[in-house]
Amino acid sequence: MSKPSKYSSIHYNSYLQLDKILDAQKTRSEELLEKPAHEETLFIIVHQVYELWFKQVNHELHSVHDMFDQKAVDEKNLGVIIGRMDRVITILSLLIEQIKVMETMTPLDFLEFRSFLFPASGFQSFQFRELEVLLGLKKQNRHTYNNTPYQEVFDEEKRAKLQALEDGNSLRDLIEEWLERTPFLDLEGFNFVDEYKSAVAKMIATEQAAIKNTDILSDKYKEMRMKMVGDTDTYFANIWDEKHHQKLIEDGHLNLSYKATLAALFINLYRDQPILQLPFQLLTKVLEIDDAIATWRYRHAQMVMRMLGKKVGTGGSSGHEYLSKTAQVHHIFADLHNISTLMIPRSYLPVLPDNMKQKLGFAFSNL
């Protein structure tokens, strides 16, 4: 008998394994009361869909991680990386919108089956913890619930997988190393820090003079505006002095290395240069992922407040309080967000030497 061809036909139902998927909504209310709570099916499906999308997000981020986990990132892969990050952002946007579906269920509807869920909880989502660690959320930066290590709710195999991710380089770590390797700061004939410092001083002096010389503002308001403008020793101090920057890292105020911070700043300031456009898009996508996760946490917290008020959740903690706090503190790429503090208008940007413009452009020669 001949073996079936590897290209033999397959049915839609069997390819998607729909029998398994559509038979996976077993309601506890029906099991325990022999009368299903109508809304429990929605509750199960929404959370199952979340887990399916978490699987796809992690699939994309693992592939991006692997492309960055090289001594030199192939520049041809930047477009692929940006495309996959954009897909992750689109999925996260969908997950935020999906909360609206859950909110079609009223608190009274939820109470019909809530007591049957204990101690199951969203805190026990392994794939979401994998997502956090893969991106770069460290144990010491976590807001825990019930003062319990986050991995304690998982079996030994899952704890080992999370620990392996913790011990390895996260995507945040790899992007930092990539930024440190970028050659933009080492181009001959242009000292970026000195030129940037001069531009910042000029910008601040111009803004301070405008505040002092105006007849519109009161002295009190002028003083407030002067504080808002700051000076070269406030917002920009860590850029002038690498040792100061390192001290801020040691004290836990910063995470991104000095060289990586300078590279990220340079990319943001000179984003219009052709070779910097893809790196700028990459950094933008990273921040959009960070923002989307924070938004999802916040919307999730608001939904929990709507459903439970101040009640303790099935996981044994105030879900609203925990989720609200994580939305505030679990920003993995906060240092890249802070680059905005260091930005200056294009009109103050130091002019790049012609040889540097050529290296940052698409120069062709007819040899």
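- Using bins of under 30°, 30° to 60° and over 60° for the plane-to-plane angle, the ring pair F128/W296 lands in the tilted bin.
- Environment of CH2 in W178: crowded, with over 12 heavy atoms of neighbouring residues, nucleotides or ligands closer than 6.0 Å.
- For the pair F192 and L265, the minimum side-chain heavy-atom distance is below 4.5 Å.
- With sequence neighbours excluded, the residues forming a side chain to side chain contact (heavy atoms under 4.5 Å, CB included) with M305 are H320, listed by chain and number.
- When side chains are defined from C-beta on, L352 counts as touching Q273, because their heavy atoms get closer than 4.5 Å.
- Listed here is the closest heavy atom pair of S257 and H245: C-NE2, 3.5 Å.
- Heavy-atom neighbours of H59 NE2 from other residues, nucleotides or ligands within 6.0 Å: at or below the threshold of 12.
- Separating the CG atom in L137 from the CG atom in L131 is a distance of 9.5 Å, to the nearest 0.5 Å.
- Side-chain atoms of N338 and T341 form no donor-acceptor pair, as typed in the model, at a separation below 3.5 Å.
- Screening residues 161-171 for salt bridge (charged side-chain N to carboxylate O under 4.0 Å, His left out) gives E130-K161 as the qualifying pairs, with residues at least two apart or on separate chains.
- In this structure, the side chain of T214 does not engage the main chain of I211 through any donor-acceptor pair within 3.5 Å.
- A distance of 11.5 Å separates CG of N169 from CG of L134, quoted to the nearest 0.5 Å.
- Remark: the backbone N or O of E60 is paired with a side-chain donor or acceptor of S63 at under 3.5 angstrom.
- Considering all non-hydrogen atoms of both residues, M85 and L171 come closest at CE-CD2, 4.2 Å.
- Shortest non-hydrogen contact noted between F190 and V351 is CE1-O, 3.9 Å.
- Counting heavy atoms of neighbouring residues, nucleotides and ligands inside a 6.0 Å radius, atom CZ of R87 does not exceed 12 of them.
- Note on M102 and I44: separate hydrophobic clusters, where clusters join Ile, Leu, Val, Met, Phe, Trp and Tyr whose side-chain heavy atoms are under 4.5 Å apart, directly or indirectly.
- When the side chains of ILVMFWY residues are joined at heavy-atom separations under 4.5 Å, either directly or via intervening members, F266 and W240 end up in a single hydrophobic cluster.
- Side chain of T90 to main chain of D86: a donor-acceptor pair is present (N/O by atom type, distance under 3.5 Å, no hydrogens or angles).
- The neighbour count for E156 CD, taken as heavy atoms of other residues, nucleotides or ligands under 6.0 Å away, does not exceed 12.
- Looking at heavy atoms from C-beta onward, L52 lies out of side-chain contact with Q48 at the 4.5 angstrom threshold.
- Contacts of R172 classified as salt bridge (charged side-chain N to carboxylate O under 4.0 Å, His left out), with partners at least two apart in sequence or in another chain: E176.
- No option in L342, L256, V193 other than V193 meets the side-chain contact (heavy atoms from CB on, under 4.5 Å) test with L262.
- Residue H38 qualifies as open at atom NE2: its count of foreign heavy atoms under 6.0 Å is 12 or below.
- Remark: the backbone N or O of L276 is not paired with any side-chain donor or acceptor of Q281 at under 3.5 angstrom.
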Exercise. Please report the C-alpha distance between D74 and N77 in whole Å, then the side-chain angles of each, then the deciding distance to 0.1 Å, and finally whether the side chain to side chain contact (heavy atoms under 4.5 Å, CB included) criterion is met.
Key: CA-CA 5 Å; D74 189 339; N77 286 336; 3.6 Å; yes
Exercise. Carefully, step by step, assess D290 and V286 under the rule side chain to side chain contact (heavy atoms under 4.5 Å, CB included).
Key: CA-CA 6 Å; D290 211 23; V286 166; 5.8 Å; no
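- Looking at N191 and Y196, their side chains never come closer than 4.5 Å, going by heavy atoms from C-beta outward.
- Within the 4.5 Å cutoff, the side chain of I91 has heavy atoms near those of the Q56 side chain.
- Side-chain polar atoms of Q17 and K20 form a donor-acceptor pair below 3.5 angstrom.
- Residue I249 belongs to a hydrophobic cluster whose other members are L248, L254, with links defined by side-chain heavy atoms closer than 4.5 Å.
- The local environment of NZ in K222 is crowded, with over 12 non-hydrogen atoms from other residues, nucleotides or ligands closer than 6.0 Å.
- Judged by distance alone, with hydrogens and angles left aside, the side-chain atoms of R129 form no donor-acceptor pair with the main-chain N or O of F126 at under 3.5 Å.
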Quiz prompt | Test ring pair (Phe, Tyr, Trp, His ring centres under 6.0 Å) applied to F43 and H47, step by step | solution = CA-CA 6 Å; F43 186 85; H47 285 82; 4.4 Å; yes
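- Relative ring orientation between Y50 and F54 is described as parallel, the plane-to-plane angle staying below 30° on a 0-90° scale split at 30° and 60°.
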Exercise. Test side chain to side chain contact (heavy atoms under 4.5 Å, CB included) on L360 and M356 and set out the steps.
Key: CA-CA 6 Å; L360 294 175; M356 194 169 184; 4.3 Å; yes
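- Remark: the backbone N or O of I21 is paired with a side-chain donor or acceptor of Q25 at under 3.5 angstrom.
- Counting only heavy atoms from C-beta outward, the side chains of R28 and E31 approach each other to under 4.5 Å.
- Of the possible polar contacts, none joining the H331 side chain to the F333 backbone as a donor-acceptor pair under 3.5 Å is found.
- Sorted by first and then second residue, the side chain to side chain donor-acceptor pair (under 3.5 Å) pairs with a member in residues 101-113 read E103-R299, T106-D109; sequence neighbours excluded.
- Across every non-hydrogen atom of Q70 and D66, the tightest pair is NE2-O, 3.2 Å.
- Contact of the T261 side chain with the I339 side chain is registered, since non-hydrogen atoms from C-beta on lie closer than 4.5 Å.
- Looking at E30, its side chain never comes within 3.5 Å of a backbone N or O of K26 through a donor-acceptor pair.
- A salt bridge does not link D241 to K247: none of the charged side-chain nitrogens sits closer than 4.0 Å to a carboxylate oxygen.
- Residues passing the ring pair (Phe, Tyr, Trp, His ring centres under 6.0 Å) test with H65: none are found, sequence neighbours excluded.
- Shown here is E152, whose CD atom has more than 12 heavy atoms of other residues, nucleotides or ligands within 6.0 Å.
- Nearest heavy atoms, I344 versus A199: CD1-CB, 3.9 Å.
- In terms of modelled atom types and a separation under 3.5 Å, the side chain of Q124 and the main chain of P119 share a donor-acceptor contact.
- Side-chain N/O atoms of E40 and S29 include a donor and acceptor closer than 3.5 Å.
- Remark: side-chain polar atoms of S198 are not paired, donor with acceptor, to backbone N or O of E195 under 3.5 angstrom.
- Summarising the geometry of Q98 relative to V46, their closest heavy-atom pair is NE2-O, 3.0 Å, with the distance given to 0.1 Å.
- Rounded to the nearest 0.5 Å, atoms CG (L174) and CD (E177) are 5.5 Å apart.
- For the pair R225/Q208, no side-chain contact is recorded, criterion being any heavy-atom separation below 4.5 Å from C-beta on.
- With rounding to the nearest 0.5 Å, the separation of CD in Q127 from CD in E51 is 5.0 Å.
- With E132 as the partner, the salt bridge (Lys or Arg N to Asp or Glu O under 4.0 Å) test is satisfied by one option alone out of K139, K138, R297: R297.
- By the 30° and 60° cut-offs, the orientation of the rings of F110 relative to F113 is perpendicular.
- With values rounded to the nearest 0.5 angstrom, Y348 atom OH is found 7.0 Å from K202 atom NZ.
- A continuous path of hydrophobic side-chain contacts links M307 to I45 [ILVMFWY only; heavy atoms under 4.5 Å].
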